[in-house]
Amino acid sequence: MKKTIHRADSRGTADFGWLKSRHTFSFGQYYNPDRVHFGMLRVLNDDVVKGGAGFPTHPHDNMEIVSIPLKGALAHKDSTGTEKLINTGEVQIMSAGSGLTHSEYNGSKTDEVNFLQIWVFPKQEDIKPRYDQKVFESSDRANKIQTVVSPDDDQALWINQDAWFSLANVSERNNITYPLNKTGNGVYVFVIEGQVKVGEDTLEKRDAIGISEVDQFTVSASKDTELLFIEVPMN
């Protein structure tokens, strides 16, 4: 097993008043040559946006963009004509493809929204831009893996890459084994809440571990834990 650990407090920071963000990988004004990407995973931002604020219209191309609200709701509007509210419990994916513009705002005028914004390099470039979102019941990930993004599962959101995103809620003193979907891929495990052990390594809230060169691995929960698994090609 090859592994890389990123502690929560080692992430890059940005504070614009209306936005407070932690960057796992180099982004914006934060640059760390040792943390540019994990395989095809390019961005993992942990964003908190004040009520009524947000990201004005801006362009993207040739990137798979996944948003997962952890608290509150996110208002999305893009040049494909899509205008949606993404609530906690939903996952959103957008294939920027040949190019589009979009905006993201807090869906509330008063309450904060906290969401994960994740970018993955695409498998095929310049495809037609597309958008999708879906509700995923938390009961379907109690002590088991719930796939929410996949290239080959019609119960999940489709992604233009050999990548899989999965969620799991693991209760205290339980463990869960993650089997890789594709040989040669790696998995980036992000602790949303709680505490886990992977081998001899303990991970706390917002810590992460990148794992590769394995077919499967086991995560053991020291307390009730919420996990995000991001499996991506490593080259």
Side-chain angles (χ1 to χ4, degrees), residues 1-7 11 23-27 32-46 62-68 91-97 116-127 130 132 134 136 140-141 143-170 175-192 196-201 203 206-221 225-235:
M1 177 189 291
K2 183 178 180 180
K3 60 186 179 181
T4 301
I5 295 176
H6 293 150
R7 297 296 179 188
R11 296 177 295 173
H23 308 318
T24 295
F25 303 103
S26 296
F27 187 88
N32 181 337
D34 297 322
R35 288 172 63 164
V36 176
H37 63 97
F38 174 79
M40 293 291 103
L41 173 59
R42 174 61 189 89
V43 168
L44 173 50
N45 289 349
D46 185 357
N62 290 317
M63 194 66 73
E64 299 295 296
I65 301 173
V66 175
S67 295
I68 305 175
V91 177
Q92 173 214 50
I93 189 165
M94 184 174 68
S95 295
L116 301 179
Q117 182 179 167
I118 305 156
W119 297 5
V120 174
F121 291 113
K123 183 175 184 178
Q124 180 182 351
E125 294 192 342
D126 296 326
I127 68 170
R130 61 185 298 278
D132 203 0
K134 187 174 181 177
F136 292 93
D140 292 335
R141 54 181 176 268
N143 291 311
K144 61 182 179 180
I145 292 167
Q146 177 190 51
T147 302
V148 297
V149 173
S150 167
D152 60 4
D153 183 347
D154 59 10
Q155 299 302 307
L157 296 167
W158 182 79
I159 187 170
N160 172 30
Q161 183 53 272
D162 294 325
W164 288 260
F165 286 53
S166 302
L167 296 168
N169 292 346
V170 189
N175 57 50
I176 193 166
T177 297
Y178 184 95
L180 273 75
N181 292 279
K182 186 175 181 180
T183 301
N185 275 6
V187 184
Y188 197 79
V189 186
F190 184 75
V191 182
I192 298 173
V196 297
K197 291 193 75 173
V198 181
E200 297 302 312
D201 298 303
L203 304 174
R206 293 326 202 247
D207 288 346
I209 184 170
I211 298 171
S212 58
E213 300 180 7
V214 294
D215 295 323
Q216 65 178 32
F217 59 90
T218 299
V219 177
S220 302
T225 298
E226 298 177 33
L227 297 170
L228 170 63
F229 299 89
I230 306 172
E231 179 182 339
V232 290
M234 294 306 292
N235 51 42

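Using a 4.5 Å heavy-atom cutoff, the side chains of Thr147 and Gln155 are not in contact. Counting heavy atoms from C-beta outward, Leu203 and Ile5 have side chains that approach closer than 4.5 Å. Contact check for Tyr178 versus Ile145: side-chain heavy atoms found under the 4.5 Å cut-off. No side-chain heavy atom of Val232 sits less than 4.5 Å from a side-chain heavy atom of Gln161. Annotation: side chain of Phe190 is in contact with side chain of Leu44 (closest heavy-atom distance under 4.5 Å). The closest side-chain heavy-atom distance from Arg35 to Arg11 is below 4.5 Å. Using a 4.5 Å cut-off on side-chain heavy atoms (C-beta onward), Val198 and Ile211 make contact. For the pair Phe27 and Asn45, the minimum side-chain heavy-atom distance is below 4.5 Å.
Side chain of Arg130 to backbone of Met94: no donor-acceptor contact under 3.5 angstrom is found. Checked by atom type and distance alone, the side chain of Asp153 never pairs as donor or acceptor with a backbone atom of Trp164 at under 3.5 Å. No donor-acceptor distance shorter than 3.5 angstrom exists from the side chain of Gln146 to the backbone of Leu167, with no hydrogens or angles considered. When atom types are taken as modelled, the side chain of Arg42 and the backbone of Val36 share a donor-acceptor pair closer than 3.5 angstrom.
Residues that satisfy the salt bridge (Lys or Arg N to Asp or Glu O under 4.0 Å) test with Arg141, not counting sequence neighbours, are absent from this structure. For Ser26, there are no side chain to side chain donor-acceptor pair (under 3.5 Å) partners at least two apart in sequence or on another chain. Contacts of Thr218 classified as side chain to side chain donor-acceptor pair (under 3.5 Å), with partners at least two apart in sequence or in another chain: Thr177.
Distance CG/Asp152 to CG/Asp162: 8.5 Å, rounded to 0.5 Å. From Met1, atom CE reaches atom CG of Asp215 across 10.5 Å, with rounding to the nearest 0.5 Å. One distance of note links CG of Leu228 with CD1 of Ile68; it measures 5.0 Å at 0.5 Å rounding. Between Thr183 atom OG1 and Glu213 atom CD the span is 12.5 Å, to the nearest 0.5 Å.
Of all heavy-atom pairs between Glu226 and Asn169, the closest is CG-OD1, 3.4 Å. Closest approach of Phe38 to Gly186, counting heavy atoms only: CE2-C, 3.9 Å. Across every non-hydrogen atom of Val170 and Ala221, the tightest pair is CG1-CB, 3.7 Å. Closest heavy-atom contact between Val91 and Leu157: O-CD1, 3.2 Å. Listed here is the closest heavy atom pair of Ser95 and Ile127: CB-CD1, 3.9 Å. Minimum heavy-atom separation, Asn160 to Glu64: N-OE1, 3.1 Å.
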*Take Val187 and Ile230 through the test side chain to side chain contact (heavy atoms under 4.5 Å, CB included) and record every step on the way to the result.*
CA-CA 5 Å; Val187 184; Ile230 306 172; 6.0 Å; no
_Walk me through whether Arg206 and Ile192 qualify under side chain to side chain contact (heavy atoms under 4.5 Å, CB included)._
CA-CA 5 Å; Arg206 293 326 202 247; Ile192 298 173; 3.9 Å; yes
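Side-chain rings of Phe25 and Tyr188 approach one another, their centers coming within less than 6.0 Å.
When Ile176, Asn175, Val196, Thr225 are each tested for a side chain to side chain contact (heavy atoms under 4.5 Å, CB included) with Ser220, only one passes: Asn175.
Aromatic ring orientation, Phe121 versus His37: perpendicular (interplanar angle above 60°, classes split at 30° and 60°).
Enclosure of atom NZ in Lys123 is not indicated, since only 12 or fewer non-hydrogen atoms of other residues, nucleotides or ligands lie within 6.0 angstrom.
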